[in-house]
Amino acid sequence: MEKKKVLVACGAGIATSTVVTNRVERILKENGINAEIEQIKISEAKGKQKGADLLVSTTILPTTYDIPVVIAVSYISGINQEGTDKKIIDALK
Amino acid sequence: MYFEDFLKPELIWTNSDASTHLEVFELIAAKAHKELFVEDNFLEKIKEREETFPTGLELEGYAVAIPHTDPECVKEQFIAVLTSKEGIPFKRMDDASKEVKANIIFMLGLNEPHSQLEVLQQLMGVLQNKETVEKLLSFDNESDILEYLKGVTK
């Protein structure tokens with residue numbers, strides 16, 4: 001299976017993206033998806049999307065992207081995290 | 001580092017009468033600056049980032065906000081806590097066209113990406129737990145908040 005690349009972004013690239021990165025790592029592993037995850041500031045996403053398969057963000061998107069995007073605020077709020085898990089898995093299958 | 005290492009007695013406010021998020025930022029930033037936890041540009045940066053990437057979060061029956069900013073602005077890591085019974089308007093993290101009235105604000109002063117996962121997870125656990133949040137809102141003095149938070153994040 002080819003290796004996927006996932007960008008995980010939040011505003012500062014330091015707080016909420018850390019929590020999200022941890023969860024994304026776990027669910028990808030559980031689902032047997034081989035992926036490299038990079039934690040970034042959302043402002044870097046435009047420049048880093050080339051070669052990436054998915055952008056997962058906790059924050060509003062300042063622009064549009066060429067790759068699929070999943071908003072992962074549920075990992076912070078705790079409400080409907082499983083729905084977000086599914087979106088991420090589906091986007092990488 | 002543990003959650004309690006991030007809590008600072010001087011960076012906790014209960015029953016704040018602040019009515020805007022800017023007042024909250026000014027209050028916390030002034031104190032954090034006085035204590036030498038942050039660089040001179042911290043207030044400006046945190047305002048700017050909240051404007052671009054808001055941090056209000058609507059949960060079931062209450063709302064929180066977790067303003068934070070670039071690691072370069074933080075000299076010593078901290079999590080500041082401010083409670084408000086009325087709620088302070090913040091734009092929503094996932095939809096800036098909507099506002100929430102945050103009852104608890106956790107301002108995150110972090111400067112080590114990747115290394116503070118456990119502390120952040122404990123914070124998420126706190127803000128996702130309605131009973132914990134209600135308890136925090138019931139306190140009238142700062143030391144009760146400090147002790148309670150230390151207890152629930154052990």
Side-chain angles (χ1 to χ4, degrees), chain A residues 6-29 35-48 54-65 68-85 87-88, chain B residues 6 42 45-46 48-74 77-79 91-98 100 106-130 132-133:
Chain A
V6 180
L7 303 173
V8 176
C10 69
I14 181 164
T16 55
S17 55
T18 302
V19 176
V20 172
T21 296
N22 181 57
R23 173 114 180 175
V24 172
E25 269 171 4
R26 181 162 67 74
I27 59 163
L28 294 185
K29 203 172 167 197
E36 176 198 340
I37 300 174
E38 188 181 359
Q39 188 177 348
I40 60 168
K41 294 181 189 185
I42 189 72
S43 56
E44 299 169 326
K46 194 85 184 167
K48 294 200 172 203
L54 176 67
L55 169 64
V56 180
S57 172
T58 57
T59 190
I60 43 175
L61 306 171
T63 180
T64 55
Y65 302 94
V69 182
V70 173
I71 299 293
V73 172
S74 72
Y75 295 158
I76 313 305
S77 68
I79 300 167
N80 191 22
Q81 296 180 327
E82 293 74 20
T84 307
D85 291 347
K87 280 187 200 164
I88 291 171
Chain B
F6 286 73
F42 179 78
K45 288 284 182 186
I46 201 131
E48 192 183 293
R49 190 158 289 282
E50 188 71 27
E51 197 52 46
T52 325
F53 305 114
T55 64
L57 208 54
E58 179 89 70
L59 298 168
E60 283 161 24
Y62 59 97
V64 300
I66 46 168
H68 55 280
T69 188
D70 299 318
E72 296 77 29
C73 307
V74 178
Q77 303 199 97
F78 63 88
I79 296 177
K91 287 180 189 167
R92 255 172 60 170
M93 189 182 280
D94 55 345
D95 184 352
S97 69
K98 298 196 178 90
V100 301
F106 290 100
M107 185 186 278
L108 315 180
L110 304 174
N111 62 16
E112 296 170 16
H114 318 294
S115 70
Q116 75 291 51
L117 175 64
E118 199 174 346
V119 171
L120 284 167
Q121 282 177 326
Q122 286 176 332
L123 175 66
M124 299 307 153
V126 168
L127 58 86
Q128 290 170 11
N129 186 319
K130 192 172 183 177
T132 304
V133 171

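Chain identifiers are assigned alphabetically (A, B, ...) following the order of the sequence lines, protein sequences preceding nucleic acid strands; residue numbering begins at 1 within each chain. Predicted model only: the values in this text are computed from it and were never measured.
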**Study point:** Contacts of residues 72-82 of chain A with chain B (heavy atom under 4.5 Å)
**Key:** A/V73, A/Y75, A/I76, A/S77, A/G78, A/I79, A/Q81
Check your understanding: Where along residues 58-65 of chain A does a heavy atom come under 4.5 Å of chain B, listed by residue number?
Key -> A/T58, A/T59, A/I60, A/P62
**Study point:** Largest heavy-atom contact set with chain A, pairs under 4.5 Å, which of B/L120, B/L59, B/L108, B/D94
**Key:** B/L120
Review point. Where does B/L127 contact chain A at under 4.5 Å (heavy atoms): side chain, backbone, both or neither?
Key: side chain
Practice item. Specify which of A/I71, A/T16, A/N22 makes the most heavy-atom pairs with chain B at under 4.5 Å. Key: A/N22
Exercise for review: Output all residues satisfying side-chain contact (heavy atoms from CB on, under 4.5 Å) with B/K98, sequence neighbours left out; order by chain, then residue number.
Suggested key: B/R92, B/D95
**Study point:** Structural part of B/T55 lying under 4.5 Å from a heavy atom of chain A
**Key:** neither
Point to revise | Flag if over 12 foreign heavy atoms under 6.0 Å of NZ, A/K87 | key: no
Check your understanding: Which answer fits B/E50, side chain, backbone, both or neither, if we ask what part of it has an atom under 4.5 Å from a heavy atom of chain A?
Key -> neither
Exercise for review: Considering only heavy atoms, give the residues of residues 64-73 of chain B separated from chain A by less than 4.5 Å, sorted numerically, with 'none' for an empty result.
Suggested key: B/I66, B/H68, B/T69, B/D70, B/P71, B/E72
Practice item. Answer yes or no: are there more than 12 heavy-atom neighbours, outside A/E44 itself, under 6.0 Å from its atom CD? Key: yes
Revision key, fill the gap. In this structure, OG1 of A/T18 is separated from CD of B/E112 (nearest 0.5 Å) by 11.0 Å
Check your understanding: Does a sphere of radius 6.0 Å around NZ in A/K46 hold more than 12 heavy atoms from other residues, nucleotides or ligands, not counting ones at 6.0 Å or beyond?
Key -> yes
